[in-house]
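Side chains are part of it too, since the values below use all heavy atoms of this structure and drop only hydrogens, waters and symmetry mates. Just so it is clear: chains get the letters A, B, ... in the order the sequence lines come, proteins before strands, and each one is counted from 1.
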Amino acid sequence: MEGGSSQNFVPPSAGFDKSRVLDVRPLRSLMPVFPAASQAPSFPGMPPFGNTPNGFPPFYPFGLPSSYQASPDLNSEMRTPTGPMPAPIRSYRAPTSSGADDFPEDSNGDGYFDPHVGSSSSRKKTTKASSSRKKTKKNGDGDSLTNNGSGVTFVSAMSSFQIEDGNRELVNYVLMNFDALRRRICQIEDNKESKTGVIKRADLKAGGIVMSKKVRTNMRRRVGVIPGVEIGDIFFFRMEMCAVGLHAPSMAGIDYMTGNGDGDKDPVALSIVSSGGYDDEAEASDVLIYSGQGGNSNSKDKDREVADQKLERGNLALQRSLHHGNEVRVIRGVKDDVSSTIKIYVYDGLYKVHESWTERGKAGCNIFKYKLLRVPGQPPAFAVWQAIRKWKDGFSSRAGLVLQDLTSGTEPVPVSLVNEVDNEKALVSFTYFPTLKYTKSFSLMPPSFGCNCRSACQPGDTNCSCIQKNGGDFPYTSNGILVSRKQLLHECGPTCPCTPNCKNRVSQTGVKLRLEVFKTKDRGWGLRSWDSIRAGAFICEYAGEVIDEAKLKQKEDGGENDEYIFDTGRDYESFKWSYEPGLIEESPNDVEDYNIPYRLIISAKNVGNVGRFINHSCSPNVFWQPVVYEHNNQSFVHIAFYAIGHIPPMTELTYDYGSSSSNEAGSNSGPNRKNKCLCGSSKCRGYFG
DNA sequence: GACTTGTCAGGGTG
DNA sequence: CCACCCTGACAAGT
């Protein structure tokens with residue numbers, strides 16, 4: 001199927017040498033700016049937040065090999081090659097299916113053809129006259145966030161090569177920093193009592209910082225695949241796509257590039273953001289009708305008089321791309337199902353412009369229209385969203401559905417049970433229970449009391465003892481996103497008089513996401529979500545029966561293989577979820593090692609919730625966090641799960657089970673109780689538990 | 001350096 | 001309580 005009509009358009013700069021990227025692999029050298037010093041010793045300006053010798057934090061979960069790819073393949077096992085159910089969306093494009101796991105940038109520019117035809121969707125054109133223009137590029141605003149004047153100078157941990165060309169690990173690193181920063185800025189703003197000097201746009205603030213401080217990657221602009229960005233990846237802000245090089249303009253919908261000097265003066269389109277979302281008519285997921293840009297004459301905030309669009313800039317680039325036949329990245333903006341105010345950007349892979357025409361817009365002016373067709377052979381992304389939408393609307397039932405709601409109404413949202421793999425139609429029986437069962441009194445903590453807030457606890461309230469226990473910061477943003485990891489997260493509990501809608505009760509309110517328990521290929525049942533999950537979002541707690549060490553030992557000695565043990569006493573590799581020190585003046589003040597007052601062992605074998613279905617991975621997308629709150633003047637620790645990064649729908653959720661220190665798996669094949677790990681990660685330790 | 005692009009949050013209204 | 005509209009402030013790239 002090679003060699004279709006399209007020539008392989010390779011822009012001058014796109015023919016980069018992949019071996020160069022390979023050479024750069026020892027990522028994260030600490031010396032970015034000075035060439036030839038890629039393996040410098042610890043840089044004094046870099047606060048040693050991490051644990052690695054070079055001071056660079058082991059940023060993505062657990063482990064060291066620098067060649068690690070962050071979501072190496074949680075997907076492979078979820079793949080259902082056939083059938084109506086779009087397979088999980090996280091994987092590389094790769095019509096060349098060889099080694100897709102390793103270097104997405106390796107496969108480049110194959111000729112695709114044979115496009116499908118379908119109906120249309122279109123990008124909504126919002127007409128908005130932008131108003132005041134202040135060109136003062138001041139950075140002052142008196143806040144401590146953009147500190148250029150004082151003390152800390154940040155030196156990007158990324159080498160200049162890494163800034164130019166990325167990979168999965170770098171992309172995750174950049175996104176992690178962006179969002180950690182953004183969350184912290186939100187938190188700082190929320191804390192302020194006076195609403196003066198409010199930073200309304202934490203995303204822009206965080207974006208500006210990572211861009212200017214060079215915590216960004218894939219800065220070199222290119223046609224086609226962006227190394228490290230996978231089809232199906234989701235973004236919550238335009239700046240995130242800027243920072244990883246997927247789509248450079250911070251506002252405009254069309255990214256394009258004009259040939260740099262090599263005689264090729266034609267602009268070509270690189271990527272487009274379609275903000276329309278789902279459109280009225282039934283639409284094929286591999287077709288996109290896209291409107292050109294411009295036409296909203298808004299100069300000098302004269303009331304928006306619309307004008308004909310001109311064949312220039314992005315419009316011209318799309319036109320030229322039609323002739324070049326080059327691949328154009330498509331990002332589709334979709335409305336989130338859970339919070340309708342939020343827009344999510346889904347990277348839907350590569351398309352080609354097949355047709356263009358002009359139309360009369362509503363105001364009677366000319367609008368350019370472009371029809372793009374998706375390059376075949378790419379894993380589904382937007383199609384997954386469409387399928388989910390149909391499941392939710394009941395238009396088509398979920399294939400392989402075994403049970404509508406395995407919680408029988410215990411959770412606020414149903415959790416379905418799905419098997420598309422084999423004939424197993426039931427779970428081994430257990431009792432669904434949404435939280436912990438302390439069967440005997442654990443008076444291991446001194447008695448304590450909740451806060452005295454009368455209504456919902458307010459960020460910045462210095463009198464709220466629950467906030468005080470969290471170090472003075474409200475642990476969640478106003479929309480319930482965890483800001484940072486805590487040694488121990490203090491939530492308001494039943495003892496607290498504050499109202500149930502207090503924002504400091506996130507982990508107690510049950511499952512909010514539309515989850516499904518599904519049969520994996522080789523790892524039993526697993527858990528995934530129909531809804532997209534953003535970084536820091538609460539997923540569920542680990543429910544079950546609290547047992548003591550004696551009971552655990554009894555189980556082990558009795559040869560009972562309880563796969564549903566959660567044990568804080570295991571060894572867990574540390575990982576970093578915060579931003580790099582120095583990006584803003586204040587360094588992250590939360591220690592990312594847990595401090596749990598007593599060893600908590602939970603068995604979810606007989607009693608549990610959805611948490612018991614989350615499988616292990618050595619490269620997880622979920623982390624656990626101990627949460628404590630009061631009940632009858634006693635403190636109880638719970639285990640809550642949060643998303644490490646943004647998680648696209650239908651991606652299996654996994655966390656790191658840790659390893660029992662009792663068994664030192666000297667050679668990982670020993671006859672010990674450890675489980676052989678099938679996570680497939682390049683960082684896989686080979687065993688777990 | 002001016003200009004072009006629309007985004008996101010917040011507040012008000014229906 | 002929500003969905004929707006309006007407004008203000010604004011970053012990156014050409």
salt_bridge(Lys512(A), Asp531(A)) N-O dist < 4.0 Å:
no
Ignoring hydrogens and angles, answer whether the base of dC8(B) and the side-chain atoms of Arg201(A) contain a donor-acceptor pair closer than 3.5 Å.
yes
To the nearest Å, how far apart are [X] [atom1] and [N] [atom2]?
X: Arg221(A); N: dT14(C); atom1: CZ; atom2: P; result: 4 Å
X: Leu316(A); N: dT4(B); atom1: CG; atom2: C1'; result: 15 Å
X: Met239(A); N: dT7(B); atom1: CE; atom2: P; result: 14 Å
X: Lys335(A); N: dC8(B); atom1: NZ; atom2: C1'; result: 14 Å
X: Glu189(A); N: dA9(C); atom1: CD; atom2: C1'; result: 14 Å
X: Gln293(A); N: dG13(C); atom1: CD; atom2: C1'; result: 12 Å
X: Asp255(A); N: dT7(B); atom1: CG; atom2: P; result: 14 Å
X: Asp179(A); N: dC8(B); atom1: CG; atom2: P; result: 13 Å

Is there a donor-acceptor pair closer than 3.5 Å between any side-chain N or O of Asn218(A) and the backbone N or O of Asp165(A)?
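No.
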Within the distance-only criterion (no hydrogens, no angle test), does the side chain of Asp179(A) pair as donor or acceptor with the backbone N or O of Gly645(A) below 3.5 angstrom?
no
Would you kindly compare Met219(A) and Leu204(A) by the position of their nearest DNA chain C nucleotide and give the one closer to the 5′ end?
Leu204(A)
Hey, which sits more toward the 5' end of DNA chain C by its nearest nucleotide, Ser340(A) or Ser212(A)?
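The residue whose closest nucleotide sits nearer the 5' end is Ser340(A).
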Please confirm whether Arg183(A) makes a cation-pi placement over Trp577(A), using NZ or CZ under 6.0 Å from the six-membered ring centre and within 45° of the ring normal.
yes
So what does Arg182(A) touch, heavy atoms closer than 4.0 Å: a base, only the sugar-phosphate, or nothing?
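The residue Arg182(A) makes no contact with any strand.
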Can you tell me if the side-chain N/O atoms of [X] get under 4.0 Å from OP1 or OP2 in [N]?
X: Ser275(A); N: dT7(B); value: yes
X: Arg238(A); N: dA11(C); value: no
X: Tyr345(A); N: dC8(B); value: yes

By side chain to side chain contact (heavy atoms under 4.5 Å, CB included), which residues pair with Ser212(A), not counting sequence neighbours?
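Ser212(A) satisfies side chain to side chain contact (heavy atoms under 4.5 Å, CB included) with no other residue.
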Say you draw a straight line from CG of Asp348(A) to CG of Asp233(A); how long is it, rounded to the nearest 0.5 Å?
11.5 Å
Can you name the ring-ring contact (aromatic ring centres under 6.0 Å, His included) partners of Phe474(A), sequence neighbours left out?
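Scan of Phe474(A) (ring-ring contact (aromatic ring centres under 6.0 Å, His included), adjacent residues dropped) gives none.
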Within residues 241-250 of chain A, find the residues that approach DNA chain C with a heavy atom at under 4.0 Å, and present them sorted by residue number.
Ala248(A), Ser250(A)
